[in-house]
**Q** 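This structure is in structure tokens; I'll ask about it shortly.
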Amino acid sequence: MHAVDGLEHGAQGAGVRVGQDGLAAVLGEEPDNLTALTGLARTQVAAGTLDQAKATLATVPADKANDPLVTAAKAAVELAEQASALGDL
């Protein structure tokens with residue numbers, strides 16, 4: 001398992017903030033790390049901070065916009081927005 005993957009998986013539970021901090025640290029060292037960038041966006045979606053997730057994804061270089069990691073992260077944002085629009089069921 002890649003270290004970034006471990007941070008993202010840890011962020012999916014109760015430690016979302018810890019995961020975000022770890023991924024942000026990776027991005028501080030490797031700003032072009034697409035795995036960390038999209039992982040950060042997905043942890044932001046999990047935390048309900050969709051505007052932050054969109055802002056994070058807006059930093060993806062144009063030549064990487066169609067990468068499967070980016071596509072999946074964008075889909076997660078869109079799905080969360082749709083679920084939010086439904087309100088409480």
Side-chain angles (χ1 to χ4, degrees):
M1 176 185 287
H2 192 276
V4 171
D5 294 333
L7 288 170
E8 182 185 338
H9 290 309
Q12 292 175 356
V16 170
R17 186 70 205 151
V18 172
Q20 288 177 345
D21 290 346
L23 290 165
V26 170
L27 288 169
E29 299 278 326
E30 302 173 41
D32 295 333
N33 186 317
L34 201 56
T35 302
L37 188 63
T38 56
L40 178 59
R42 288 193 302 269
T43 62
Q44 291 165 331
V45 169
T49 54
L50 301 183
D51 288 339
Q52 286 181 348
K54 287 189 222 178
T56 297
L57 290 172
T59 67
V60 170
D63 64 328
K64 303 286 185 184
N66 293 322
D67 186 282
L69 291 172
V70 176
T71 302
K74 287 180 179 178
V77 171
E78 291 172 11
L79 184 60
E81 287 179 326
Q82 291 172 5
S84 175
L86 291 175
D88 292 333
L89 298 178

**Q** Looking at every heavy atom in both Lys74 and Ala65, which two are closest together, and how far apart are they?
**A**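 Nearest heavy atoms, Lys74 then Ala65: NZ-O, 4.1 Å.
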
**Q** For the residue pair Ala53 and Ala41, what are the closest heavy atoms and their distance?
**A**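 Looking at all heavy atoms of both residues, the shortest contact is CB-O, 3.6 Å.
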
**Q** Which heavy atom of Gln44 sits nearest a heavy atom of Gln52, and at what distance?
**A**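 Minimum heavy-atom separation between Gln44 and Gln52: OE1-O, 3.2 Å.
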
**Q** Not counting sequence neighbours, list each pair that qualifies as a side-chain hydrogen bond (donor to acceptor under 3.5 Å, both in side chains) and has a residue in residues 23-32.
**A**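 Those involving residues 23-32 are Glu30-Asn33.
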
**Q** Rounded to the nearest 0.5 Å, what's the gap from CG on Leu37 to CG on Leu69? Could you check?
**A**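 Result: 9.5 Å between the selected atoms.
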
**Q** Working to the nearest 0.5 angstrom, can you tell me the gap between Asp67 CG and Leu34 CG?
**A**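 CG of Leu34 is found 4.5 Å from CG of Asp67.
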
**Q** Can you sort out the partners of Pro61 under side chain to side chain contact (heavy atoms under 4.5 Å, CB included), two or more places apart, ordered by chain and number?
**A**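 Per chain and number, Pro61 pairs via side chain to side chain contact (heavy atoms under 4.5 Å, CB included) with Asp63, Lys64.
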
**Q** Given Leu23, which of Thr43, Thr35, Thr38, Thr56 fulfils the side chain to side chain contact (heavy atoms under 4.5 Å, CB included) condition?
**A**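 Running side chain to side chain contact (heavy atoms under 4.5 Å, CB included) over Thr43, Thr35, Thr38, Thr56 with Leu23 returns exactly one hit, Thr43.
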
**Q** For residues 76-87, run the donor-acceptor check on the side chains, cut-off 3.5 Å, and write out each pair with its distance to 0.1 Å, sequence neighbours left out.
**A**
from	atom 1	to	atom 2	distance (Å)
Glu81	OE2	Lys54	NZ	2.5

